[in-house]
Amino acid sequence: MHKTAKRSARALAAGTFALALALTGCSSNNANNSAANVNSNTAKGGTTASPAANGDDNAPATFSVFLASPGQTPTEDNKILKLIKEKTGVSFKTELLVGDLQQKLGVMIAGGDYPDIMSGDDKLLNAKAYIPLEDLIEKYAPNLKKHYAAVWNQIKDETDGHIYVLPSYGVYQGKITEPTYQGPGFWLQKSVLEEMGYPTPKTLDEYFDIIAKYKEKHPDMIGFESLNFDWRVFPLQNAPEHLAGHPNDGGVIVDNNKAQIFADKDISKTYYKKLNEINAQGLMDKEAFVQNYDQYLAKIASGKVIGMFDQHWNFQDGETSLISQGKRENTYIGFPLLYPGAEEWYRDRGAVGTNRGLGISINAKDPVRIIKFLDQMITEDWQKTLQWGIKGEDYEVKEDGTFYRTPEERTNADQTSWQLANKITTMFGYMPKIQGTYSDGNAADAGTQPQEFFDSLKPSDQKILKAYNKKTWSEFFKEPKENNIYFPAYSIVLKDGSAAKLAQSKLNDLQIKYLPKAIMASPAEFDGVWQDYVDHIHKLDIKAYEDRINEGIQSRIKNWSVK
Amino acid sequence: MKAVTKSSGRIEPIVFHTINTIFMLFVVAITLYPFLHTLAVSLNDGSDTLAGGVYFWPRAWTLENYRAVFITGTIYHAAFISVSRTLLSTVLGVFLTTMLAYTLAQKQYIFRKKISMLFILTMYFNAGLIPNYFLIKELGLLHSFMVYILPSMVSAFNLIILRTYIRSLPGSLTESAKIDGAGEFRIFWKIIFPLCTPVLATVALFIAVGAWNSWFDTFLYASSDIKLSTLQYEMMKLLGSTMSTNNDPSALAGNQHNQMQALVTPASIRAAITIVTAVPILFVYPFLQKYFVVGLNLGSVKE
Amino acid sequence: MSDTVLDKPVKTQKTRQRRVDPEIGVSLSWKTLKTQKQLIFMSVPIAIYLIIFNYAPIWGWVMAFQNYRPALSFGKQEWVGLQQFNFLFSDETFMMVLRNTVAMSFINLVLGTVTAIGLALLLNEIKVKFFKRIIQSISYLPHFLSWVIAAGIVATSLSIDDGIVNIILMKLHFIKEPIMWLSEGKYFWGIVGASNVWKEVGWGTIIYLAAITSIDPSLYEAASIDGAKRFQKMRYVTLPGIKATFVILLIMNIGHILDAGFELQYLLGNGLTVDWSQTIDIFVVKYGISMGNYSLATAAGIFKTIVSVILVFIANYIAKRLGEERLV
């Protein structure tokens, strides 16, 4: 027994060493290969640098890419990647984020270890890891130039006026269609509305009145839901600014181009005092501030929640689950509640996501080729391929030219495994893209196509829309006003380690800690907790935070006004 | 008096074993549950899972989650790398650690204390991310398979475990060999190493599980090379980050929802990759368990 | 042991080189080096390897005295003296964070050790080998789940709606109303301790089981002959048999008293329990790494190392005085 054990151990050892040799051999091979790649790449770089000379824009090239979001890489034979390679010669070595972004960035920056293409990031900008793009665009990328023309000044870096990152979202053309509203609102379940006779609440009192009445009849239901988990704290924190008639500027409200925090102001106190009252009435979910995101979604998906304040996209997975369970009547409609005298500004016109998109790194061997590639991708044909897919496989075209999807195509698009093989979701999220409509009138993607929307409506939906005399869900909110020039203030960069950033972070911590405490307190104690909270806020260097935002606003007003 | 002891002697084992069995069933129940639950979730439709209520058994059966895990194809190569690094780390680690532990267990050895101290201190400090990265870079180990093996070959913890064990072996075992003039290495390899089997099995398990579970080295040193990805790393891709540092809350408060959706991996797919990653390593323990009893033979050798 | 057996008188000048090991009485000389040639060959290369991989990067500690910016080369870094340490220690929440860290790791250490030894003893009493192995293999399963998943299960089990813990406690009439476990700070440490036990007890048992198997069976036989009962055998044979392992693990783990981890606390903590859930590691990630301040993380690391090393040596000294197994 002993002997055999030993022998097998030795065999195992021998086997492993052999394996080790094989692996080291193979990794050194890899090293050789990659060295060869580098050489051939630089060679190519030499030729493509003067494209007019030989015009070979479709020679094979591989770009290394880093995208700062987790996820799965597409399959090796992904249909879209294959098409891109076939038509443009470009293929990718994509690295998606694993673990903590800040640690990753620290190492990347310290080692100067950048891939060719990187998603936009303030730390990388600070480290001067991107090359300026305006000359490249000017020379080689007419389509990108056209695409960004209207926002040219807005996409420049605040500090030195160069363009480093091509924003992925917020550049619109044609008509902005938004049949399903994705933004913030006070939501109520459709079945609740139906039973209560299709009311349209306008104030907090009316809204909670509906919840109270419904809950009285259905005590099993959860009255009002909220979330205070991880970074998903906006369901708890953002309501006051909207109630007071401000658009979503993040942690500040802006009046006459002057920003201030609102966490300690009366608009906040009024709201949280109301929540405190409804908590005392037993309308607030007791676990609202304790649960994690999965639990929150589970509650939405159980159909037991009467209403909540949230941004639609944040709880949409819960609704998707409801729909797949056949409980469409338990999905939600949003309402823009307001304080007396406030003017509604829930919906806003999407603003350019400055510094959020793709940039070319200083290590890129062939920036010209990359910008040319991105330029190709922004053409309408490619955008249709990237957003809708391939005609006849992923979408169909009616005789009048309208794009639509068959039910099967729609189901496919929801499957993760199908997406991995047939879409490049994560990467496209960072690429420059057309939003709004194409020149042929079709919406940029299936999600915003009105026809798609109407096709997806079920009789129950049509009934409720009819009752409210609306055509789409976003019509429950007013058409957005023209954005203020600096909008949105939340995208103003707070430098790492600055007093402003520290104050913002500590303010957020105080909100996370004290708001639940204030809401859960007995009504008699509310004022005491609130005072304590406000006192703590006033100990912070809020001025540094507000000053920095105001500086950003002024700089935007100065630079962005110029067309 | 005598009768009482006798009957209590008969009853006691029954009572004890009953209670013990019940307790063990409890332990099994609570430790098996998370795994069964994860398995059930992994075999259940994603949207359906969200609604809650899936505990031990899938409600809406599907293999879609596993399809999503396997479809990219990277998982097979990652499994190969995981197995390779685990095997190699274990064999090398066990051998080197035991050899070192043997020398440190020799009371007359002149560097015994110094080397022990050197190792013990490593348990309590960490130079930090960036300096470690520079070291690996300078050594030319970035993006090479050996970065999985070299930096973590000998761990202080295992070393101490082995040293303690070797010290507890009776000295008489090696005396005759020493008198015969056998060298230290020979004594170690021929006498001590075989005697350590049960503790070697333990240490092998620790090293194997450690190697299997590690992903941070891939993250730091080999992340851009898909050919060096491991199963654990593939899993981390889908689990996402625990900390919110990835997300600037103020920026996300905005309408960047399209980007956000890509950030959430459905719980069902997280469950599927967890199962795929955990199952292979689970077989290591049962395999090693048989060596745990070899120690019983020791009794006959002992003084 | 015998410090009387000095083989030769110490020569005065080169005392440093020739210092006599008081314990063994072997001095560092060419002769000893020669006789211990094999031992040196077997260990010194590994020690050199260790120095390269573990000690070489320690220069990074100077980052703690800088305002390290990864984008700048080393020479261009800004030196800030003790500013990082000041930030760490002067933050008004630091004492609280330190308290939470120590409390949770202490609970983890005590609960973890006691349950692991307890389970090992009980497993050892199972005579049917097959069952013993099955139970062992199952009990360590949760070790392989990441905290993201495990914490999700904990949170669901503790929910007031349909959380299994509340359901069972209500069925057993221990409580009348479901308890909101996760919204009260006073439960938090206990929940973390229990979760850790649940996830790691099987894993922690392995090492004690291995130690138990190495106990000489003749000792049990002798005890039986002396009329020892089950619990007496545990008390007088098994426990002394694993004492060395226990003491060594204890000394080593005392050094980790400031490592309470962060994942579990981060995932289970919330605004209402933040005063109990925040650990040093969370603090460092929040105000250090996530704000690009890598120096703060280094400063905290140095602080933790100093505390650890002091504690370990105290523990080691105590063990030495008590005549127990020890680290050094």
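By convention in this document, chain letters (A, B, ...) are assigned in the order of the sequence lines, proteins followed by strands, and residues within each chain are numbered from 1. Small disclaimer: the values here were computed from a predicted structure and weren't measured.
- Aromatic ring centres of Trp203(C) and Tyr285(B): separated by at least 6.0 Å.
- Within the model, atoms CZ of Phe35(B) and CD1 of Ile149(C) stand 9.5 Å from one another, a figure rounded to the nearest 0.5 Å.
- The side-chain heavy atoms of Ser137(C) and Gln289(B), taken from C-beta on, include a pair separated by under 4.5 Å.
- Between chain C and the options Phe111(B), Phe23(B), Trp212(B), heavy-atom pairs under 4.5 Å are most frequent for Phe111(B).
- The contact between Leu118(B) and chain C is made by backbone and side chain atoms together, counting heavy-atom distances below 4.5 Å.
- Contact annotation: the side chain of Leu121(B) approaches that of Tyr55(C) to within less than 4.5 Å [non-hydrogen atoms, C-beta and beyond].
- The aromatic rings of Phe134(B) and Trp59(C) are tilted relative to each other, their planes meeting at an angle between 30° and 60°.
- In terms of heavy-atom pairs under 4.5 angstrom with chain B, the leader among Ala56(C), Ala150(C), Gly301(C), Gly60(C) is Gly60(C).
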**OP:** May I have the step-by-step check of side-chain hydrogen bond (donor to acceptor under 3.5 Å, both in side chains) for Tyr165(B) and Thr245(C), ending in yes or no?
**Re:** CA-CA 8 Å; Tyr165(B) 186 84; Thr245(C) 309; over 6 Å; no

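- Judged by distance alone, the side chain of Arg270(B) and the main-chain N or O of Val148(C) form no donor-acceptor pair under 3.5 Å.
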**OP:** Start with the C-alpha gap between Tyr109(B) and Gln36(C), add the side-chain angles, then the distance that decides, and say whether side-chain hydrogen bond (donor to acceptor under 3.5 Å, both in side chains) holds.
**Re:** CA-CA 7 Å; Tyr109(B) 180 38; Gln36(C) 299 189 348; over 6 Å; no

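- Between chain C and the options Asn20(B), Ile115(B), Thr277(B), Thr202(B), heavy-atom pairs under 4.5 Å are most frequent for Asn20(B).
- In this structure the side chain of Ile160(B) reaches within 4.5 angstrom of the side chain of Ile248(C), judged on heavy atoms.
- Interface residue Leu32(B): backbone and side-chain heavy atoms are both found under 4.5 Å from chain C.
- The structure places NE2 of His143(C) at 9.0 Å from CD1 of Ile281(B), a figure rounded to the nearest 0.5 Å.
- The part of Ile161(B) that comes within reach of chain C is its side chain, from C-beta onward, which places non-hydrogen atoms under 4.5 angstrom from that chain.
- Contacts of Phe303(C) with chain B are absent, with no heavy-atom separation under 4.5 Å from either backbone or side chain.
- In this pair, Trp61(C) and Phe125(B) present their aromatic rings perpendicular. The plane angle is above 60°, beyond the 30 to 60° band.
- Contacts between Phe231(C) and chain B at a heavy-atom distance below 4.5 Å involve the side chain alone, from C-beta outward.
- Phe185(B) has its ring centre no less than 6.0 Å from the ring centre of Phe41(C).
- Within the 4.5 Å cutoff, the side chain of Ile306(C) has no heavy atoms near those of the Tyr124(B) side chain.
- Ranked by heavy-atom pairs under 4.5 Å with chain B, the list Leu39(C), Val201(C), Ile138(C) is led by Leu39(C).
- In this structure, the side chain of Tyr49(C) engages the main chain of Leu150(B) through a donor-acceptor pair within 3.5 Å.
- More than 12 heavy atoms of other shown residues, nucleotides or ligands fall within 6.0 angstrom of atom CZ in Arg230(C).
- Residues Val209(B) and Phe144(C) form a side-chain contact, since some pair of their non-hydrogen atoms from C-beta on lies under 4.5 Å apart.
- There is no contact between Val307(C) and chain B, counting heavy-atom distances below 4.5 Å.
- Asn132(B) has its side chain out of reach of Phe53(C): every pair of non-hydrogen atoms, C-beta onward, lies at least 4.5 Å apart.
- Comparing Tyr294(C), Phe131(C), Trp198(C) by how many heavy-atom pairs each has under 4.5 Å with chain B, the most go to Trp198(C).
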